[in-house]
Amino acid sequence: MPSLIDLNLEGQPVARHRPWPRTVVDRAVWSFAAKMLGEQQWQLLSLWGEPAAVHMALFDPRTAEIGVISFDCPQRSFPSVAAKHLPALRLERTITDLYGLKPEGAIDERPWLDHGRWGVHAPLGEAAAASSQPAYPLLPVEGAGTHQVAVGPVHAGIIEPGHFRFTVSGETVVRLEQRFGYVHKGIGGLMNGAELPRAAQLAGRVSGDSTVAYALAFARAVETAIDAEVPVRAVWLRALCAELERLANHLGDIGAICNDAAFAIMLAQFGVLRENVLRAADTAFGHRLMRDVVTPGGVARDLDDSGVAAIRAALTSVRKQWPKLIALYEDTASLQDRTVATGFVKPALVDQYATGGFVGRASGRAFDARRTLAYAPYDELSFELPVLGEGDVDARVRIRIAEVEQSLALIDQILARMPPGAIHLPLTLPEQASEGLALVEGFRGDVFVWLRIANGRIERCHFRDPSWFQWPLLEAAIEGNIIADFPLCNKSFNCSYSGVDL
C-alpha cells in the first residue's frame, strides 16, 4: 500500500518531514485518504473546517510522516470521512455545527456542539438566538428488560457538564451514549484575527489541566509557520514544565481512581504529593499550573536556584512515599478486585482510533509524540515508554505509575543538563500567509494544533485534544460492567470535557 508521502497531486508531495505546504485535493484524493484511514493504513490526527473548506491531518505510522490535505466546499458539502472511518464522526458533526458544511453520505446527522441555543451560521464566539432545533434524538433502546439511566449534565462533584445515558439490564450496562457541548466557548472564533499575545493566552486556557501542553503545541506551531528557532535553554525549560504538569496530573489521577474504588486514603496521600509538585511549580515559575509560562519564542520566566531547590524537594517527597503507596495499591485485595478486569478496551479499538496517552498505551499502542516524533529536547533524553496489553482500569493505573517514575527521571536529567543562555526570542508575525502545525505529548496524550498566520495575526487556529479519540472508547469500555463501576472507568480515562467542547 502507498505511504502518505506517496500521495501526490500534480507532483507535489502531501507530506514531508516539514509537512508544508498544505495540499488542496480533489474529491477522488479526499475519498482515497478516507479509504486509507478506514483500512488503517494511515491514522487520523484531526479533521476540521472553516467557512468554505475542510482540512484533514493524517499520520503514516510506518514513516512517522504528517500530512495535511484540504477540500474546498463551494457547494457547502464534502465527502464524509466518518462513513469510511468512524473516529472522524464527532469531528465531522462539529464541522456541520460550526460552519454548516454537510458531509455527503453522513452516517449520523445529529448536532454535536449545537444544543439549539445558537445558529449554525452565527460567527464563532458570538451569541445567537435560540433555534427551533428539536430535542436531541438519543439512540433507541431495544431488548426486553432494559431501561435507561440518565446521568448529568450537572454532576454531584465540581466537574464540567456532560450527559451520560446508560441502557442497562439489571445492573449491567449494555449501552452508554455520551453527549457534550455544554461548555462550548468558541475558541476558534476568538482565535480568528487575534494578535499573537492574545492567541497564546487563549491556547493555554483550552483545557486548564493541560495549559503547558496546549501552550507548547501552539508555540511550536507558530514557530514552524514562521521558521523561528527558539533559544536552547527555553526548549529545556519547556520540557521541565511539561514533565511537572504530567507528574502532577498523574499523581492526582492515581489517587482519584483509588477514591472511586472506595479507597480514600490513596486520594489523601497522592493529593499531598500533587500539592507539593504544584507548590514547587509556583515557586519555580510563578503559577501553580504554569499558565502563560510557555510562549511563542520561548518561555516567559527563567528558573533560578530557589526554583530548582523547590522542584528537587518535591521530587524527594514523591520518592520517599512512592514505594509504600504503590505497595498499598498492589497489596490491597479489595482495590485490585475493583480495578483488575474492569473497563476493558480492546487493542483493536485503540488502533482504529489511534488513541494516545495512557488509554492507548494500556491497550498496547506504543505511541508517544515525545518518542515517535522525537522533538527537542526529548531526542537527547533517556526514558522508557511503558506499554501494557491488559486494557483495563488497572492497566491504566499502572501506565500512570510507570510514567510518574519516568517523569521523575526526566526532570532529574533536565535539571542536571539545563543549558545557560537566553529564554526568549521576540517574534513578530509576518504579513504574508503561512501555516504551521505541532503535535506534542500532554499528560492525556497527543495534543494537535494547526494554524494559519496572515496580516500579522492568527487568521485561523484549530486545536485537537486527545480526548476526541478517547471519549468514544469509554462507551465501549463500560459495556458489560455494572453501572456502579462507571465512575471508576470514567476516572481511569479522565477525558477532558473542555478539550472537546471548543
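These numbers come from a predicted model, not from an experiment. We use all heavy atoms of the structure for the numbers below, so side chains are in, but hydrogens, waters and symmetry mates are not.
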Which of parallel (below 30°), tilted (30 to 60°) and perpendicular (above 60°) describes F164 and Y497?
-> perpendicular
Rounded to the nearest 0.5 Å, what's the gap from CG on L388 to CG on D394? Could you check?
-> 8.5 Å
Excluding sequence neighbours, so at least two apart, what forms side chain to side chain donor-acceptor pair (under 3.5 Å) with S80?
-> E92
Salt bridge (charged side-chain N to carboxylate O under 4.0 Å, His left out) against D351, all qualifying residues, sequence neighbours excluded = none
Do the side chain of E245 and the main chain of A213 share a donor and acceptor less than 3.5 angstrom apart?
-> yes
Does Q470 use its side chain to pair, donor to acceptor, with the backbone of R444 at less than 3.5 Å?
-> yes
Would you say the ring centroid of W48 lies under 6.0 angstrom from that of H55?
-> yes
For P377, does its backbone N or O pair with a side-chain atom of R238 as donor and acceptor, under 3.5 Å?
-> no
Closest non-hydrogen atom pair between L244 and F285, with its separation | CD1-CE1, 4.1 Å
Can you list the residues that meet the side chain to side chain donor-acceptor pair (under 3.5 Å) rule with R417, with sequence neighbours excluded?
-> E380
Looking just at side-chain N and O atoms, do R165 and H163 make a donor-acceptor pair shorter than 3.5 Å?
-> yes
Which residues share a side chain to side chain contact (heavy atoms under 4.5 Å, CB included) with A199, sequence neighbours left out | M191, A194, F218, I458
Is the closest basic N to carboxylate O distance between R370 and E403 below 4.0 Å?
-> no
If you measure from NE2 on H115 to CZ on F180, what distance do you get to the nearest 0.5 Å?
-> 10.0 Å
Do the two ring centres, one from F367 and one from F59, sit under 6.0 Å apart?
-> yes
Expected output: side-chain D253 to main-chain R400 donor-acceptor under 3.5 Å | no
Apply the test side-chain contact (heavy atoms from CB on, under 4.5 Å) to residues L315 and L247: give CA-CA distance (whole Å), side-chain angles for both, the deciding distance (0.1 Å), then the verdict.
-> CA-CA 10 Å; L315 300 193; L247 177 61; 3.9 Å; yes
Kindly write out the residues that satisfy side chain to side chain donor-acceptor pair (under 3.5 Å) with N490, not counting sequence neighbours, or none if the list is empty.
-> none
Who pairs with D108 by salt bridge (charged side-chain N to carboxylate O under 4.0 Å, His left out), at least two apart in sequence or on another chain?
-> R93, R110
If a pair satisfies salt bridge (Lys or Arg N to Asp or Glu O under 4.0 Å) and one of its residues is in residues 44-59, list it, with sequence neighbours excluded.
-> E50-R452, E50-R460
Would a distance-only check, ignoring hydrogens and angles, find a side-chain to backbone donor-acceptor pair under 3.5 Å from H250 to V397?
-> no
Apply side chain to side chain contact (heavy atoms under 4.5 Å, CB included) to P161 and list each qualifying residue two or more places apart in sequence or on a separate chain.
-> P153, Y182, V183
Got a sec, which residues hit side chain to side chain contact (heavy atoms under 4.5 Å, CB included) with T94, two or more places apart in sequence or on another chain?
-> L98, W112, L113, W468
Sorted by chain and number, sequence neighbours left out, salt bridge (charged side-chain N to carboxylate O under 4.0 Å, His left out) with E195 holds for R457
Ignoring hydrogens and angles, tell me if any N or O in the side chain of H424 forms a donor-acceptor pair with the backbone of R301 under 3.5 Å.
-> no
For the side chain of D392 and the backbone of A341, is there at least one donor-acceptor N/O pair under 3.5 Å apart?
-> yes
L190 backbone acceptor or donor facing K185 side chain under 3.5 Å | no
I would like to know whether T23 and V68 meet side-chain contact (heavy atoms from CB on, under 4.5 Å); could you show each step before the answer?
-> CA-CA 7 Å; T23 304; V68 177; over 6 Å; no
List for me each residue that meets salt bridge (charged side-chain N to carboxylate O under 4.0 Å, His left out) alongside R291, sequence neighbours excluded, and say none if there are none.
-> none
S467 (side chain) donor-acceptor with G499 (main chain) under 3.5 angstrom = no
Do NZ/NE/NH1/NH2 and the carboxylate oxygens of R361 and E441 come within less than 4.0 Å?
-> yes
Apply side chain to side chain donor-acceptor pair (under 3.5 Å) to Y378 and list each qualifying residue two or more places apart in sequence or on a separate chain.
-> E243
Quickly, which of R205, Q201, H287 forms a side chain to side chain donor-acceptor pair (under 3.5 Å) with D292? Name it, please.
-> R205
For S363 and K346, indicate whether the former's side chain and the latter's backbone hold a donor-acceptor pair under 3.5 Å.
-> no
